[in-house]
Amino acid sequence: MTQQLPDLLTAGVRDGLQALYQVTDPNLDITLQSTRKEFDGEFTIVTFPLTRLAKKKPEQIGAELGQYLKTELEEVSDYNVIKGFLNLVITDRYWIEFLLQQAQATDFGRSPKTDERVVVEFSSPNTNKPLHLGHVRNILLGWSTSQLLEAAGFDVKRVQIINDRGIAICKSMLAWQRYGEEATPAGKGVKPDHFVGQFYVLFEQRFQEEYADWQQTTTAKTILQDKNPKQLPEEAFWKAYKNTYFNTYSALGGAAKDMLLRWEDKDPDTITLWKRMNGWVYEGFTETYRRLGVSFDKLYYESDTYLLGKDMAQAGLEKGVFYQKEDGSVFVDLTDAKLDEKAILRSDGTSLYITQDLGTARLRYDDFGATRMVYTVGDEQNYHFQVLFEILKRLEEPYAAGLYHLSYGMVDLPTGKMKSREGTVVDADDLMDEVIQEAYNSSLERDATSELSADERREIIRMIGMAALKFQIIKVGPQKRMTFDPKESVDLQGQTGPYVQNAYVRTRAVWRKAPDTDLAAAADYQQLEPTERELISQLYAYPALVRDAATQYDPSQVAMYCYELAKGLHKFWHDVSILNADSPAAVAFRLSLCRAVGNVLKHGMGLLGIEMPERM
RNA sequence: GCUCCGUUAGCUCAGUUGGAUAGAGCAGGAAUCUUCUAAAUUUCAGGUCAAAGGUUCGAAUCCUUUACGGGGCACCA
């Protein structure tokens with residue numbers, strides 16, 4: 001049983017083609033796929049592409065090849081042919097031995113560890129407001145991908161870069177300084193990151209008031225007349241003009257910019273205030289991360305890294321990858337890679353966003369020696385990462401071949417885009433509260449956990465709510481833009497986290513009832529029921545699925561797999577009796593099957609950061 | 001204007017390197033709890049895979065054009 005079935009079968013097909021038709025093309029691509037549910041068998045060979053080589057009809061090839069494989073391979077018990085499809089049935093003996101010998105292993109699905117190191121970046125918030133639904137998708141995606149890479153054998157380091165400086169945090173600071181009256185989160189009883197966010201919102205409000213007043217001045221009226229060539233309606237014009245107003249006329253805008261300058265000059269009072277307010281934010285973030293069940297190996301702060309990368313700019317110049325313009329600015333020409341010319345340093349020699357990213361990449365390599373780096377960042381930055389990776393490649397950085405932008409689509413609400421200015425942002429903490437409340441409401445109709453303590457029940461309800469939320473988000477492929485309805489779409493039934501949890505709980509319940517069963521009898525089990533055969537072949541596919549999902553950086557595949565496996569378990573549960581089965585062999589075998597399925601469900605959901613309760 | 005991405009059932013989503021009659025869940029109709037947890041199972045209904053053309057034995061999948069939606073095109077981040 002050392003050789004995997006797909007390899008064994010394709011090798012068998014090659015042998016068969018040679019024996020039957022004298023075909024020996026080593027480059028021949030044999031199409032092997034898993035058999036659809038409505039047909040008998042577990043693996044299917046597509047014979048259409050073979051017609052040219054064998055010079056026979058697909059049905060005939062299927063029949064001849066099927067007979068050959070049935071005779072030559074002990075693992076193949078039967079076959080059937082439908083048009084150009086040869087469906088192969090694997091013997092019960094093979095499946096039974098696989099289940100009892102391999103699928104019971106606690107490390108089933110895990111690849112052997114290598115010492116290849118990968119850095120996964122995710123979350124990377126700004127420090128001016130609390131985390132919201134968009135961050136939640138980023139965090140769940142980044143976390144589950146990091147788990148997936150770990151299961152695939154990599155040594156994973158999880159990091160985030162915290163955008164702790166800049167004009168945004170200065171707005172919150174200014175608002176607190178002017179209107180906060182020395183208030184503190186503890187004093188107000190508000191979660192500290194939300195507290196800071198309130199001042200960010202307050203700044204925006206005051207700024208809008210100031211802007212509205214200013215629009216009545218004669219200066220403003222002149223501007224509206226002179227600088228509106230497209231004849232936009234007044235409201236639209238002012239909306240478009242807002243940035244210019246902030247930067248040129250606004251007193252509040254000026255004050256915020258002054259604060260940023262003082263921060264850059266390391267003014268002690270400004271730094272003290274900055275540290276204090278960021279401290280509040282980190283306290284709040286820590287709590288949110290804890291509830292989400294994620295953690296990091298290292299945090300990078302933009303205040304430490306925003307000047308990095310100048311040495312990379314210098315190195316690039318020396319290598320001739322970059323060039324300097326007359327005004328002193330440094331550029332890279334990527335037009336031959338179908339990208340643009342991109343600035344690396346300003347004419348005054350200061351860094352840009354991309355410069356910083358070059359420096360940070362190098363810093364991570366120096367910190368961890370990672371040969372791969374994954375950036376979990378929204379798809380609006382696709383172009384930025386193309387440019388970044390291309391530059392790093394040209395600089396011949398040692399990790400350049402292992403860079404990956406884990407790009408994901410925006411999360412929309414049923415009402416449209418989330419917009420912080422319009423107050424339509426779904427807050428991460430509120431969202432978690434809501435789903436857990438929903439799980440609680442739902443639990444009131446049941447009594448399966450009534451004999452447990454209040455604490456234990458609360459813990460189970462928390463797990464169910466979080467599973468619903470996480471599964472809902474992770475099951476959607478990363479690159480896809482998704483719609484999330486915070487009220488209605490957190491279902492607890494059907495294709496959901498709790499559905500999978502329930503399947504696991506069933507596998508545990510049956511074991512609680514029969515803890516001392518002698519499992520040795522399982523080896524005597526002879527004939528598989530259809531649902532058993534289905535479950536085992538699903539288990540069989542798990543290790544390859546984890547590897548594929550990891551190479552594609554796609555946790556949604558694991559989510560879909562867990563759902564399908566849970567569905568198989570539920571059907572099995574409905575169709576056959578476990579503890580009251582006909583023979584001791586059947587009881588032992590089915591208990592073993594339950595254990596293997598339970599292990600895989602727990603492992604797979606664990607990769608997604610979803611916990612499994614013992615009861616629910 | 002240039003460029004990238006998306007469009008599959010009323011809604012939310014799957015759909016492997018091109019393969020069988022395009023699949024799930026929710027919502028709607030109908031059944032199934034004295035038996036290992038009914039957060040389950042079974043069943044009915046629901047489709048011009050955005051549109052047109054092309055390649056192929058075979059296209060939701062690859063190519064071209066179009067429509068609609070979104071992103072990106074700073075010495076911003």
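Just so you know, these numbers use all the heavy atoms, side chains as well, and skip hydrogens, waters and symmetry mates. In what follows, chains carry the letters A, B, and so on, assigned in the order in which the sequence lines appear, proteins first and then strands, with residues in each chain numbered from 1.
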Side chain of [X] (C-beta onward), nearest among [options]:
X       : options                : value
N580(A) : A40(B), U41(B), U35(B) : U35(B)
V46(A)  : G70(B), G19(B), C36(B) : G19(B)
T483(A) : A14(B), U12(B), G70(B) : U12(B)
R36(A)  : U16(B), U41(B), A20(B) : A20(B)
K417(A) : G70(B), U37(B), C57(B) : G70(B)
Q472(A) : A40(B), U12(B), U37(B) : U12(B)
V505(A) : A20(B), U41(B), U37(B) : U37(B)

Taking the [atom1] atom of each, how far is [N] from [M], in whole Å?
N      : M      : atom1 : answer
A22(B) : C33(B) : C1'   : 35 Å
G58(B) : A20(B) : C1'   : 11 Å
A24(B) : G15(B) : C1'   : 10 Å
A14(B) : U8(B)  : C1'   : 10 Å
C11(B) : G47(B) : P     : 12 Å
U64(B) : G28(B) : C1'   : 42 Å
U56(B) : C62(B) : C1'   : 10 Å

Main-chain N/O of V377(A) paired to H405(A) side chain as donor or acceptor, under 3.5 Å: yes

With a cut-off of less than 4.0 Å, is there a side-chain N or O of [X] near OP1 or OP2 of [N]?
X       : N      : result
R481(A) : G6(B)  : no
K57(A)  : C57(B) : no
K567(A) : A40(B) : no
K480(A) : U12(B) : no

May I have the distance from [X] (atom [atom1]) to [N] (atom [atom2]), rounded to whole angstrom?
X       : N      : atom1 : atom2 : value
L569(A) : A40(B) : CG    : P     : 13 Å
F48(A)  : G58(B) : CZ    : P     : 11 Å
L86(A)  : A20(B) : CG    : P     : 16 Å
I578(A) : C36(B) : CD1   : C1'   : 6 Å
L334(A) : C2(B)  : CG    : C1'   : 17 Å
E564(A) : U41(B) : CD    : P     : 11 Å
Q386(A) : C4(B)  : CD    : P     : 9 Å

Using a cut-off of 6.0 Å, state whether more than 12 heavy atoms not belonging to [X] lie near its atom [atom1].
X       : atom1 : value
Y245(A) : OH    : yes
N441(A) : CG    : yes
D582(A) : CG    : no
R52(A)  : CZ    : no

Candidate list V332(A), L334(A), D333(A), test side-chain contact (heavy atoms from CB on, under 4.5 Å), partner E341(A), passing option: D333(A)

Test applied, ring pair (Phe, Tyr, Trp, His ring centres under 6.0 Å); reference residue, F85(A); option that passes from F39(A), Y79(A), F48(A): F48(A)

Letter per nucleotide, 5' to 3', of nucleotides 72-77 of chain B [B base touched, S only sugar-phosphate touched, - untouched; heavy atoms, 4.0 Å]: SS-BSB

At under 4.0 Å between heavy atoms, what does [X] touch on the DNA or RNA strands: base, sugar-phosphate, or nothing?
X       : answer
G166(A) : nothing
E614(A) : base
Y563(A) : sugar-phosphate
S577(A) : base
P49(A)  : base
R512(A) : base
M410(A) : nothing
N87(A)  : base
V576(A) : base

Face-to-face stacking of Y499(A) with A40(B), centres under 5.5 angstrom, angle under 30°: no

Do the ring planes of [X] and [Y] sit parallel (below 30°), tilted (30 to 60°) or perpendicular (above 60°)?
X       : Y       : answer
Y499(A) : Y563(A) : tilted
F203(A) : F207(A) : parallel
Y553(A) : Y404(A) : parallel

Strand RNA chain B as a dot-bracket string - pairs counted if Watson-Crick or G-U with both distances under 3.5 Å, | where the partner lies in another strand: (((((((..((((.....[...)))).(((((.......))))).....(((((..]....))))))))))))....

In C33(B), glycosidic geometry as syn within 90° of 0 or anti otherwise: syn

With sequence neighbours excluded, residues passing salt bridge (Lys or Arg N to Asp or Glu O under 4.0 Å) with R457(A): none

Under-3.5 Å donor-acceptor pair between T44(A) side chain and A20(B) base: yes

Check: Y525(A) and R590(A) side chains under 4.5 Å, non-hydrogen atoms: yes

Residue pair R165(A) / Y301(A), side-chain heavy-atom distance below 4.5 Å: no

Position toward the 5' end of RNA chain B (nearest nucleotide), G477(A) or P498(A): G477(A)

5'-most by nearest nucleotide on RNA chain B - R52(A) or S442(A): S442(A)

